Amino acid sequence: MIIQLEPTITDTQRELLSRKLAEIQYKVTPVTTQSADYLIGVGKAEFDIRSIGTLPGIRDIHRVSDDYKLVSRKWRVENTSIDLGDNLRIGDGSLIVMAGPCSIESDEQVASTLAHLQANGIRIMRGGVYKPRSSPYSFRGMGLDGLKMWHNQAREAGIRIITEVMMTEQIGDMVDYVDIFQVGARNSQNFNLLDALGEVDKPVLLKRGISGTIEELLQAAEYIFSHGNEKIMLCERGIRSYEQAYRNTFDINALVMLKEKTHLPVIADPSHGIGVRAFVDKIAMASAIAGADGIIVEVHEQPERAMSDGQQTLSYREAAQLYRQLETIAAIRP
Ligand code: PEP
Ligand code: MN
């Protein structure tokens with residue numbers, strides 16, 4: 001059960017509500033976010049929801065039987081959209097593209113990518129400065145200095161930054177230089193990191209775990225929301241399956257299921273989803289048709305020279321063609 005409180009609720013009204021909830025033996029967790037105060041109740045007793053919903057100081061009450069609650073569409077029927085300022089919104093029915101290299105590599109690479117994005121009207125640049133790599137001997141990213149350098153250039157260009165945070169301890173150093181925090185697939189159930197991102201007033205793109213279920217992804221999002229941050233998007237990036245013909249099995253079903261189960265925006269990552277440059281565009285377009293609110297895609301001036309994930313990275317020419325195709329699809333999709 002979710003109870004949204006009126007901002008004007010008095011202490012006496014709160015006490016009355018607590019007594020009622022104690023009577024039906026519901027375990028109650030208070031949640032305060034950027035937008036509202038809620039009580040999340042978990043219990044088994046049958047009761048007439050009106051006996052609580054009509055109490056003073058309550059704005060809204062819903063029974064939500066799912067284990068995740070605040071991220072469930074059973075509670076919030078309308079889509080949630082995330083406002084990034086300057087008329088840039090994610091989740092309002094438009095199709096947002098975020099593009100950039102797997103890893104931030106140099107000043108020159110950032111300048112070149114920003115020029116490519118500006119020329120194509122793309123307003124959010126992706127890139128990793130802390131890279132989770134399967135091998136400890138691979139390039140691990142430019143770190144905070146790389147992020148600051150990128151931030152300086154991106155601000156000039158009027159382009160937003162999405163980048164991965166790997167540890168709770170990095171959040172404080174990164175927060176002033178980041179527009180969207182990305183939680184990578186390997187950290188999808190790092191609950192300490194999710195709790196900490198719940199306390200930040202910056203949007204979070206949460207990726208599905210490498211072998212994560214849709215339910216687990218929604219529960220992970222609930223961690224962030226219930227710690228105070230409502231600005232969450234969920235990202236399908238392919239899961240591990242028995243199939244070896246490509247890097248990951250992109251689960252297009254997840255896009256439609258997530259759109260049904262949650263009010264949060266849903267983003268597709270076709271680059272990691274298939275891991276093969278030649279097919280990234282097809283999977284991106286399929287995702288747009290399937291209802292994704294955004295596409296995040298890896299792009300590099302010279303993909304074959306990229307320091308990570310070159311095999312799945314589009315050249316500027318390939319990316320520019322994809323952006324146009326996505327515009328066409330966005331205009332006609334259901
Ligand atoms: C990335 O976006 O470059 C990345 C490492 O993604 P994932 O966490 O999905 O593997
Ligand atoms: Mn990558």
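Values reported hereafter were calculated over all heavy atoms of this structure, with side chains retained and with hydrogens, waters and symmetry mates removed. Worth saying up front: this structure is predicted, and the values here are computed from it rather than measured. In listed order, ligands and their atoms are each counted from 1.
Between atom CZ of residue F139 and atom CZ of residue R133 there is a gap of 8.5 Å, rounded to the nearest 0.5 Å. Between the CD atom in Q325 and the OG1 atom in T328 there is a gap of 7.5 Å [rounded to 0.5 Å]. Distance check, rounded to the nearest 0.5 Å: CZ of R89 to CG of N79 gives 11.5 Å. Atom CD1 of I180 is separated from atom CZ of R126 by 12.0 Å, given to the nearest 0.5 angstrom. T113 OG1 to W150 CH2: the interatomic distance, rounded to the nearest 0.5 Å, is 9.5 Å. Here R76 contributes atom CZ and D60 contributes atom CG; the two are 9.5 Å apart, rounded to the nearest 0.5 Å.
Near G184, with a cut-off below 4.0 Å to any heavy atom, the atoms of ligand 1 are 8 (O). For ligand 1, the atoms lying closer than 4.0 Å to a non-hydrogen atom of R126 are 1 (C), 2 (O), 3 (O). Against a heavy-atom cut-off of under 4.0 Å, E298 is close to the following atoms of ligand 1: 3 (O).
Ion pairing of K231 with D201 is present here, as a side-chain N (NZ or NE/NH1/NH2) and a carboxylate O approach within less than 4.0 Å. Electrostatic pairing of R247 and D309 counts as a salt bridge here, judged by a charged N lying under 4.0 Å from a carboxylate O. In this structure, R155 pairs ionically with D179, as a charged nitrogen and a carboxylate oxygen lie closer than 4.0 Å.
Residue, atom and distance of the protein heavy atom nearest to atom 8 (O) of ligand 1 are A185 N, 2.8 Å. Ranking protein heavy atoms by distance to atom 4 (C) of ligand 1, first place goes to H272 NE2, 3.4 Å.
Within the 4.0 Å heavy-atom shell around ligand 1 one finds C102.
Below 3.5 Å of separation, one finds an N or O of R186 facing an N or O of ligand 1.
For atom 6 (O) of ligand 1, the candidate residues are K207, Q312, R237; the nearest heavy-atom contact is made by K207.
Aromatic ring centres of F47 and Y26: separated by under 6.0 Å.
Tally of protein N, O or S atoms closer to the Mn ion (ligand 2) than 2.8 Å: 4.
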